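Inspection log for the structure reproduced underneath, given as structure tokens.
Owing to the predicted nature of the structure, the values given are computational and were not obtained by experimental measurement.
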Amino acid sequence: MRRRTVEMRIGELSRRTGVSARSLRYYEQQGLIHAGRGANGYREYDEAVAVRAANIRDLLDAGLTVEDIRDALDKGCLERPLGTLPRCEGALRTATDRLAVLDGRIATLLEVRERLAKQVLRTRAALGQTVGS
């Protein structure tokens, strides 16, 4: 006996997953989720898309990129809630690599901030202003 697939429109999918309709359309543009079309032309999603959309949101919130997520999707790692899956092959490596990129960006920003702070101090000194001015 086949299970009936429950179809939902974008508004219901948004409510169920906490992902905005705009983000869901973006996920679709990026090829991360797919929608069928009803006779009226409206997007229709099944339960599997709800799980995938929630996983995508969680991974983006964690700092991964669409490309990182596409790799996980290609490996079939987003079909069940993330907490119930055995870790996908390469997931730790992907997260570690993304963390290294972020650490590099933070280090660069801290260097730029330090240079700017020194410039502000020099400028204030040249103008005869105190630090709190």
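- The nearest pair of heavy atoms linking Ala95 to Leu64 is CA-CD2, 4.2 Å.
- In this structure, the side chain of Arg16 does not engage the main chain of Ala50 through any donor-acceptor pair within 3.5 Å.
- Heavy atoms only, all atoms of each residue included: Val51 and Pro81 are closest at CG1-N, 3.5 Å.
- Leu78 CG to Ile33 CD1: the interatomic distance, rounded to the nearest 0.5 Å, is 11.5 Å.
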- request: I would like to know whether Thr65 and Asp68 meet side chain to side chain donor-acceptor pair (under 3.5 Å); could you show each step before the answer?
  value: CA-CA 5 Å; Thr65 67; Asp68 296 332; 3.1 Å; yes

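- The line from CZ of Arg25 to CZ of Arg43 is 6.0 Å long, rounded to the nearest 0.5 Å.
- Side chain of Asp61 to backbone of Asp58: no donor-acceptor contact under 3.5 angstrom is found.
- In this structure, Ser14 contributes its side chain and Val19 its backbone to a donor-acceptor pair below 3.5 Å.
- In this structure, Glu44 and Ile10 have side chains that are not in contact, with every pair of non-hydrogen atoms separated by 4.5 Å or more.
- Side-chain atoms of Asn40 and Arg9, non-hydrogen and from C-beta on, do get closer than 4.5 Å to each other.
- In this structure, Asn55 contributes its side chain and Arg80 its backbone to a donor-acceptor pair below 3.5 Å.
- Counting non-hydrogen atoms of other residues, nucleotides and ligands closer than 6.0 Å to CZ of Arg37 gives a total above 12.
- Inter-residue side-chain proximity for Glu28 and His34 is flagged as unmet; no heavy-atom pair is nearer than 4.5 Å.
- Take Glu67 and apply the side-chain hydrogen bond (donor to acceptor under 3.5 Å, both in side chains) test, not counting sequence neighbours, and it matches Arg70.
- Taking CG of Leu32 as the reference point, atom CG of Leu73 lies at 6.0 Å (rounded to 0.5 Å).
- At least one side-chain heavy atom of Leu60 sits less than 4.5 Å from a side-chain heavy atom of Tyr27.
- Summarising the geometry, atom CD belonging to Glu47 is positioned 9.0 Å from atom CG belonging to Leu13; distances are rounded to the nearest 0.5 Å.
- The distance from the CZ atom of Arg98 to the OG1 atom of Thr96 is 11.5 Å, given to the nearest 0.5 Å.
- Residue Cys88 holds its SG atom at 15.0 Å from CZ of Arg93, rounded to the nearest 0.5 Å.
- At least one donor-acceptor pair under 3.5 Å links the side chain of Asp46 to the backbone N or O of Val49.
- For the side-chain hydrogen bond (donor to acceptor under 3.5 Å, both in side chains) condition, the pairs that include at least one residue of residues 101-120, sequence neighbours left out, are Gln119-Arg122, Gln119-Thr123.
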